[in-house]
Number of protein chains: 2
Amino acid sequence: MPADALSRVFSALADPTRRDMVTRLAVADATVNELAEPYDVSLQAVSKHLKVLQDAGLVSRSREAQRRPVHLEAEVFDLMTKWIERYRRQAEERYGRLDDLLRTMPDDVEPTPPPATGAAR
Amino acid sequence: MPADALSRVFSALADPTRRDMVTRLAVADATVNELAEPYDVSLQAVSKHLKVLQDAGLVSRSREAQRRPVHLEAEVFDLMTKWIERYRRQAEERYGRLDDLLRTMPDDVEPTPPPATGAAR
DNA sequence: TTGTTGTTCAACCCGATGGTTGAACACCTT
DNA sequence: AAGGTGTTCAACCATCGGGTTGAACAACAA
């Protein structure tokens, strides 16, 4: 599992079952058995999903007699949010710059559709 | 590829190379050849990565002579951000509620750590 | 027409992933 | 000590994902 942290988080959330687990864990902690109940898969499969979420840092586990309750770790979400917001902002700024460019565009552009795609390079 | 939209987006961004492409596309549109340049993989591999990003709705492609410039579609990021924020907020509210619970807690609780885990179910 | 450039398609390899079942471990109850 | 409950480990199987190479397609340039 040499993948970087961000990859592990994205990868963990790429599975609908795991996202559903996260959804339910946002409401309340739960045990493996409780989590497994709605899904039509083995307990072992659910346990594996939890391992993925845990390796991604999205959940933590404690011990409580035989049970091992699962707890959502909300902080990791910030990692993703930051990454996403950064590039969404960049892309938006870029549109801003493109607007400026178009606004100050001289008239000597050829009639063929200007390569709006090749703003750089 | 019957996976739902959100799964496709998360899955697409789970790969570091593809995230790097997105990073660079946030700065400017680029062709396959331009995108491939920094990576030590074949052009075909890069083309495949782009297909994944496109299927996830993260990029679009146009035609410009032989070239097929790649363009970042920033809107899809909102889908993820919304999903993430929703559960992050829920989890935080939950802590709030737990704080309330602890604040208004009566004295007749047993000395053993109260099962804060079993709030639901 | 022939060639050159940019890109994708097709077939294949290999390691990772999601699922299974059966056995084992951990902890409580009796 | 023996049994029950909750969870994980181990081995296995099928599919998927990222990589490769070789051939093909698309559009321009001679």
Side-chain angles (χ1 to χ4, degrees), chain A residues 1-4 7-22 25 29-56 58-71 110 112-113 115 117-118 121, chain B residues 1-4 7-22 25 29-56 58-71 110 112-113 115 117-118 121:
Chain A
M1 313 72 193
D4 61 282
S7 295
R8 281 199 300 270
V9 175
F10 276 120
S11 183
L13 293 177
D15 185 286
T17 302
R18 283 192 297 256
R19 276 201 311 279
D20 191 63
M21 289 181 178
V22 168
L25 287 169
D29 292 0
T31 67
V32 175
N33 276 277
E34 289 165 353
L35 279 174
E37 193 263 318
Y39 315 122
D40 193 24
V41 294
S42 68
L43 238 41
Q44 291 93 322
V46 174
S47 186
K48 277 193 185 181
H49 278 307
L50 283 173
K51 187 162 187 344
V52 175
L53 289 173
Q54 188 170 2
D55 289 348
L58 283 162
V59 306
S60 63
R61 326 243 355 221
S62 52
R63 178 165 281 285
E64 185 181 302
Q66 310 101 316
R67 279 153 226 90
R68 316 208 61 238
V70 186
H71 175 79
E110 60 268 40
T112 43
T117 8
R121 175 133 316 223
Chain B
M1 313 71 194
D4 61 281
S7 295
R8 280 199 300 270
V9 175
F10 277 119
S11 183
L13 293 178
D15 185 285
T17 303
R18 284 194 295 258
R19 278 202 308 280
D20 190 62
M21 288 181 179
V22 168
L25 287 169
D29 292 0
T31 67
V32 174
N33 276 277
E34 288 165 356
L35 280 174
E37 193 265 318
Y39 316 121
D40 194 23
V41 295
S42 67
L43 239 39
Q44 292 95 320
V46 174
S47 186
K48 276 194 186 180
H49 279 308
L50 284 173
K51 188 164 187 341
V52 174
L53 289 174
Q54 189 170 2
D55 288 350
L58 284 162
V59 305
S60 62
R61 327 248 347 227
S62 53
R63 179 166 280 286
E64 184 182 301
Q66 310 102 315
R67 278 152 226 92
R68 315 208 61 239
V70 186
H71 176 77
E110 60 267 40
T112 44
T117 9
R121 179 136 309 222

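First the proteins, then the strands, lettered A, B, ... as listed; each starts at 1. What you see below is based on every heavy atom in this structure, not just the backbone, and it leaves out hydrogens, waters and symmetry mates. Remember, predicted model here, so these are calculated numbers, not experimental data.
Without hydrogens or angle criteria, A:R18 side chain to A:L53 main chain gives no donor-acceptor distance under 3.5 Å. Within the 3.5 Å criterion, the main-chain N or O of A:R61 finds no donor-acceptor partner in the side chain of A:R68. Of the possible polar contacts, one joining the B:S7 side chain to the A:A14 backbone as a donor-acceptor pair under 3.5 Å is found. A donor-acceptor pair under 3.5 Å links the side-chain atoms of B:R63 to the main chain of B:A65, judged by distance alone.
In this structure, A:L53 atom CG and D:dT7 atom P are separated by 15 Å, rounded to whole Å. For the pair B:L13 CG and D:dG17 C1', the interatomic distance rounds to 16 Å; values are reported in whole Å. The separation between A:D55 atom CG and D:dT8 atom P is 12 Å, rounded to whole Å. The distance between atom CZ of B:R8 and atom P of D:dG17, rounded to the nearest whole Å, is 12 Å. Following rounding to the nearest Å, B:R68 (CZ) and C:dT8 (C1') show an atom-to-atom distance of 9 Å. Residue A:L50 contributes atom CG, which lies 11 Å from atom C1' of D:dT8 at whole-angstrom precision. Atom CD in A:E64 sits about 10 Å away from atom P in C:dC28, given to the nearest Å. Look at CG on B:L35: it is 13 Å from C1' on C:dT7, rounded to the nearest Å.
The heavy-atom pair separating B:R19 from A:F10 by the smallest distance is CD-CE1, 3.9 Å. Nearest heavy atoms, B:P38 versus B:L35: CD-O, 3.1 Å.
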Is there any protein nitrogen or oxygen under 3.5 Å from a nitrogen or oxygen in nucleotides 18-23 of chain C, and what are the pairs?
residue: C:dG18; atom: OP1; partner: A:R18; partner atom: NH1; Å: 3.3
residue: C:dG18; atom: OP1; partner: A:R18; partner atom: NH2; Å: 3.0
residue: C:dG18; atom: OP2; partner: A:R18; partner atom: NH1; Å: 3.4
residue: C:dG19; atom: OP2; partner: A:H49; partner atom: NE2; Å: 2.3
residue: C:dG19; atom: N7; partner: A:K48; partner atom: NZ; Å: 3.1
residue: C:dG19; atom: O6; partner: A:K48; partner atom: NZ; Å: 2.3
residue: C:dT20; atom: OP2; partner: A:S42; partner atom: N; Å: 3.0
residue: C:dT20; atom: OP2; partner: A:S42; partner atom: OG; Å: 2.8
residue: C:dG22; atom: O6; partner: A:Q44; partner atom: NE2; Å: 2.5

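Using a 4.0 Å cut-off, no side-chain N or O of B:R67 falls inside it from OP1 or OP2 of C:dT7. For C:dT5, neither phosphate oxygen OP1 nor OP2 lies less than 4.0 angstrom from any side-chain nitrogen or oxygen of B:N33. Put simply, B:R63 has no side-chain N or O that comes within less than 4.0 Å of OP1 or OP2 on D:dA26. For D:dT8, one of the phosphate oxygens OP1 or OP2 lies less than 4.0 angstrom from a side-chain nitrogen or oxygen of A:R61. For the OP1/OP2 pair of C:dT7 and a distance below 4.0 Å, the side-chain nitrogens and oxygens of B:S47 include no atom meeting the criterion.
With rounding to the nearest 0.5 Å, the separation of CG in A:D4 from OG in A:S11 is 10.5 Å.
In this structure, the nucleotide among D:dT8, D:dG6, C:dT7 sitting nearest to the side chain of A:Q66 is D:dG6.
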